[in-house]
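Since the structure comes first, as structure tokens, the remarks are kept for the end.
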2 protein chains.
Amino acid sequence: MPTRPSARDRLLDAAESVLFSSGIRATPVDELLRQAEVSPATMYAHFGSKDALVAQALRRRLADWQRVWDAHVLAAGDDTSRLLALFDALAAYREDRTTRWCAFLATAAEHTAQEGEIADAVAADTALLAERLLHLAGPIAGATAQELADEVLLVYNGTLASFLRGAPASAVVVGRRLAESAVEAHRSAAERS
Amino acid sequence: MPTRPSARDRLLDAAESVLFSSGIRATPVDELLRQAEVSPATMYAHFGSKDALVAQALRRRLADWQRVWDAHVLAAGDDTSRLLALFDALAAYREDRTTRWCAFLATAAEHTAQEGEIADAVAADTALLAERLLHLAGPIAGATAQELADEVLLVYNGTLASFLRGAPASAVVVGRRLAESAVEAHRSAAERS
DNA sequence: GTCTATACAACGATAGAC
DNA sequence: GTCTATCGTTGTATAGAC
């Protein structure tokens, strides 16, 4: 017999399913409480504030995303596939969830404050992307790995922002194709040298 | 002797300078009123609601942006330069204003509602981009013009989103380089056929 | 740990006078 | 057209009981 998740987990689930698709500021705490079937007092006992709940939900989400990305990198067979696995992971990640575009960029867009735990959670996503892409670009581009990593990160950002804009359609396909071209350009440049 | 701008214009100026850098929902009407030195009643007499003021500010901003983009396209000397003028216009546009990333995408991120005058203003930006890029891509890519236009739009979205993320740095430079690669790929493909 | 009830502040919008 | 003063609502957070 399946145990009902704790109030804390129900709140995080509600936060994840509503906050990043309907907007953080647009979603009152009451709605999260209703969906989680939790009283205000319990929520504030667990998290202390709405912002803290948001930050927690973001941290959990980053861990989830990291796992999905990891799995796709590990499943890839060569250097190029490992770098481009970012886009396959993105496609897979989106199939299983309800996100308009990107929880982290959406949060950054709503919260202009550059300090605090929410900003930190967003920065963690950016740091993860920058670090891993640089690492994955190394075997392909050598001396210009930083440039390639920058290009792939920009294309990734563009894929996410294209979901938000609603154009171009099939953003993952277009993004992957662009990233592939960038890889090809660096690969042939590295061969020439 | 310079006349003081009308209350209406002062409100639109205040909206533009604050709303899209600090966030729409995060900015109370009171702050716009203070900055514009206008009373609540006057504002509501002119616009009727905060949302209507936002929509008006977006419409004015789109017209401004369109003018800047136009000028850069006209100044360009060849097909490729005309298509890539998007990025030169973006760099010039940003030098003159205070925007965190993009007023239209930021508004879309905050307002999940798909109907209403605010959503319409955002959609107008997307429509302008899609239409013009397709037109500019035609002479370069011929039969695959739609694909090239999609790629440039995604890179443009990525450049804007990179401002928001704070990475990669020099997003306009990276974006322009990516768009240039996309053009080159289509040009050589068109020559082969 | 969890509840009900409520305090307190912020915000969007309006009334009525000039 | 513009002002001052204020209304009604919503939203975050807490008090106090169980």
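Chain naming here is simple, since letters A, B, ... match the order of the sequence lines and numbering starts at 1 in each.
With rounding to whole Å, Phe47(B) atom CZ is found 13 Å from dA13(C) atom P.
Listed by chain and number, the residues in a ring pair (Phe, Tyr, Trp, His ring centres under 6.0 Å) with Phe47(A) amount to none (sequence neighbours excluded).
Contact annotation: Thr42(A) side-chain N/O to dT2(C) OP1/OP2 distance is not under 4.0 Å. Residue Tyr44(A) places at least one side-chain N or O under 4.0 Å from the OP1 or OP2 atom of dA13(D).
With distances taken from any side-chain atom of Pro28(A) to the nucleotides dT2(D), dA13(C), dT12(D), the minimum falls on dT12(D). The side chain of Ser49(B) lies closest to dA13(C), out of dG12(C), dA13(C), dT2(D). Taking every side-chain heavy atom of Val29(B) into account, dG12(C) is the closest of dT2(D), dG12(C), dT4(C). Distances were taken from every side-chain heavy atom of Ala41(A) (C-beta onward) to each of dT2(C), dA15(D), dC3(D); the shortest belongs to dA15(D).
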Using distance only, find each side-chain donor-acceptor pair of residues 102-118 of chain A under 3.5 Å and give its atom names and separation, not counting sequence neighbours.
{"unit_1": "Thr107(A)", "atom_1": "OG1", "unit_2": "Ala103(A)", "atom_2": "O", "d": "2.6"}
{"unit_1": "Glu110(A)", "atom_1": "OE1", "unit_2": "Arg25(A)", "atom_2": "N", "d": "3.0"}
{"unit_1": "Glu110(A)", "atom_1": "OE2", "unit_2": "Ile24(A)", "atom_2": "N", "d": "2.8"}

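Judged by distance alone, the side chains of Arg165(B) and Thr126(A) do bring a donor and an acceptor atom under 3.5 Å apart. Between the side chains of Glu151(B) and His186(B), at least one donor-acceptor pair of N or O atoms lies under 3.5 Å.
Each of Arg8(B) and Pro40(B) lies near DNA chain D, and the nucleotide nearest Arg8(B) is the one positioned closer to the 5' end.
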